[in-house]
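Note sheet for the following structure.
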Amino acid sequence: MTRRLRFTGTDSKNGGCPALHEDTRSGEIIVQGPPLTDPEDLARLKHFGPEDHAVVVPRELLVNHAPKELDRVPEVIGLDEFGRLFETFEHTAWRLETRRGYASDREDPTYREFVDTGRITLDYDDDWCRNIRAQVAAGKTIGRVRILDEPPTEGQLFLLADSPRTTSAGEDIRCLPRSEAEARLLGDEDFWVFDSRLVARLRFDDADVFHDVEVITHPAEVLRYCQLRDAAMHGARPCGEVAAQLTD
C-alpha cells in the first residue's frame with residue numbers, strides 16, 4: 001500500500017533537503033537527507049544491515065520538527081466556539097478543503113435541486129455571507145483552496161455551483177486538481193488557519209459526517225499548516241474560472 005505521506009518540516013532556508021515526513025497511516029517518520037557514505041563511518045554504526053541506509057541531518061531538524069510525544073491529546077472545541085473564530089480573527093482566515101463530499105451538503109434541500117436540475121437557488125444573505133461581508137469591510141481576508149477530483153465528484157460540483165454566493169460576499173475561493181495536491185503532498189486534512197497562529201482541524205468520519213474541531217496552537221505545527229497553505233495557493237485557480245471551463 002502506498003504510504004500516505006505528510007510533510008512535517010525542514011530547516012533548510014530554500015525549502016530543500018534535509019526534511020522530515022510522517023506516514024499518517026502508520027505514524028512512522030521518514031528522514032530525508034544526504035547519505036552517509038564514508039566506509040569508515042558506516043563501519044562504526046551499530047546494527048547497520050546490508051539493506052540499511054544512513055542519512056545525515058542537523059540536530060535542529062529533529063528538535064524543531066520531529067514528534068515530541070508519542071500520543072498527543074487533541075484539544076477539541078465546541079461548534080459555538082469554532083463559530084466565534086470567524087468573527088474574532090484579526091487578519092486572515094483560510095481553509096484547505098480536501099474531501100470528495102460532505103454529508104451536511106447532501107442534507108441541504110438545494111443539493112436535491114442541484115442533482116435534479118443542475119442549478120441551485122443561491123441565498124446571498126445568509127449568516128455566512130453577512131459575516132464575510134462584515135469581515136471584509138473591516139479589512140480582513142477570507143479564502144480557501146478546494147481540491148477537485150478529475151473529474152469532480154457530484155459533491156464538488158455542487159460546491160462549485162454554490163460558490164458565487166460567497167465569492168460575491170468577498171471570499172476568495174480557488175480550486176486545485178487532486179493530482180496537483182497529491183504531488184505537493186498536501187494530504188487529506190480539512191482545516192482552517194486563523195491569523196497564521198491558530199489551526200482548526202475539522203474532523204470527519206468515513207461517511208463524510210462532520211464531528212468536531214481540533215485546535216492546534218503549537219508554533220511548529222501551525223507553521224506546517226501555513227506551509228501547506230502556501231503550497232496549495234500556488235497555481236490554484238479562481239473557482240469561477242474552473243466552473244466556466246467545466247461547463248464549456
Distance-only donor-acceptor hits, side chain of residues 35-43, under 3.5 Å, sequence neighbours excluded:
unit_1, atom_1, unit_2, atom_2, d
Asp38, OD1, Glu40, N, 2.9
Asp38, OD1, Asp41, N, 3.2
Asp41, OD1, Arg44, NH1, 3.2

Any side-chain heavy-atom pair of Leu202 and Phe82 under 4.5 Å: yes
Donor-acceptor under 3.5 Å (Thr117 side chain, Phe114 main chain): no
Straight-line distance of Leu157 CG to Ile120 CD1, nearest 0.5 Å: 11.5 Å
Ser163 side-chain N/O to Cys239 backbone N/O, donor-acceptor pair under 3.5 Å: no
Sub-4.5 Å side-chain heavy-atom contact between Val222 and Leu198: no
Nearest-0.5 Å distance that lies between atom OG1 in Thr10 and atom CD in Gln227: 8.0 Å
Nearest heavy-atom neighbours spanning Tyr124 and Pro164: CE2-O, 3.6 Å
Any Arg174 side-chain heavy atom under 4.5 Å of Pro238 side chain: yes
Which atom pairs, one a donor and one an acceptor, fall under 3.5 Å between side chains of residues 50-61 and the rest of the protein, sequence neighbours left out?
unit_1, atom_1, unit_2, atom_2, d
Asp52, OD2, Gly49, N, 2.6

Connected via hydrophobic side-chain network under 4.5 Å: Phe194 and Val136: yes
Ala103 versus Val209, closest heavy-atom pair with distance: CB-CG2, 3.8 Å
Minimum side-chain heavy-atom gap Glu81-Val215 below 4.5 Å: no
Leu176 to Ala232 - nearest heavy-atom pair and separation: CD2-O, 4.0 Å
From NE2 (His234) to CZ (Arg184), nearest 0.5 Å: 6.0 Å
Residue pairs, two or more places apart or on separate chains, that pass side-chain hydrogen bond (donor to acceptor under 3.5 Å, both in side chains) and touch residues 191-200: Ser196-Arg229
Side chain to side chain contact (heavy atoms under 4.5 Å, CB included) partner of Tyr102, chosen from Gln156, Glu97, Glu107: Glu97
Asn131 side chain vs Phe86 backbone, donor-acceptor pair below 3.5 Å: yes
Audit row: Leu85, Ile77, side chain to side chain contact (heavy atoms under 4.5 Å, CB included) steps and yes/no: CA-CA 11 Å; Leu85 291 174; Ile77 62 173; 4.3 Å; yes
Minimum heavy-atom distance Thr98-Arg178, with the two atoms named: O-NH2, 2.8 Å
Atom pair CD/CG of Glu28 and Leu5 - distance to nearest 0.5 Å: 10.0 Å
Audit row: Arg203, Val76, side chain to side chain contact (heavy atoms under 4.5 Å, CB included) steps and yes/no: CA-CA 10 Å; Arg203 305 202 298 187; Val76 177; 3.3 Å; yes
Please tabulate, one pair per line, all N/O donor-acceptor pairs under 3.5 Å involving side-chain atoms of residues 87-94, not counting sequence neighbours.
unit_1, atom_1, unit_2, atom_2, d
Thr88, OG1, Arg84, O, 3.0

Worked verdict on Leu62 versus Leu20 for side chain to side chain contact (heavy atoms under 4.5 Å, CB included): CA-CA 8 Å; Leu62 302 181; Leu20 293 182; 4.2 Å; yes
For the student: nearest non-hydrogen atoms of Met233 and Asp172, plus distance: CE-OD2, 4.4 Å
Glu189 vs Arg6 side-chain heavy atoms within contact, under 4.5 Å: yes
Residue list, side-chain contact (heavy atoms from CB on, under 4.5 Å) with Thr166, at least two apart or on another chain: Trp128, Cys129, Ile132, Glu171, Ile173
Heavy-atom check, side chain of Ile216 versus side chain of Glu214, under 4.5 Å: yes
Contact summary for Pro152 and Leu246, nearest pair of heavy atoms: CG-CD1, 3.9 Å
Heavy-atom side-chain contact between Leu148 and Leu160 under 4.5 Å: yes
Sub-4.5 Å side-chain heavy-atom contact between Leu186 and Val145: no
Distance (rounded to the nearest 0.5 Å) between Phe210 CZ and Asp212 CG: 7.0 Å
Stepwise side chain to side chain contact (heavy atoms under 4.5 Å, CB included) check, Tyr111 with Glu154: CA-CA 10 Å; Tyr111 193 91; Glu154 181 180 82; 2.8 Å; yes
Qualifying residues under ring pair (Phe, Tyr, Trp, His ring centres under 6.0 Å), relative to Phe191, sequence neighbours excluded: Tyr225
Arg133 with Asp125: basic N within carboxylate O range, under 4.0 Å: yes
Atom pair CZ (Arg144) and CG (Asp190), whose distance is rounded to the nearest 0.5 Å: 9.0 Å
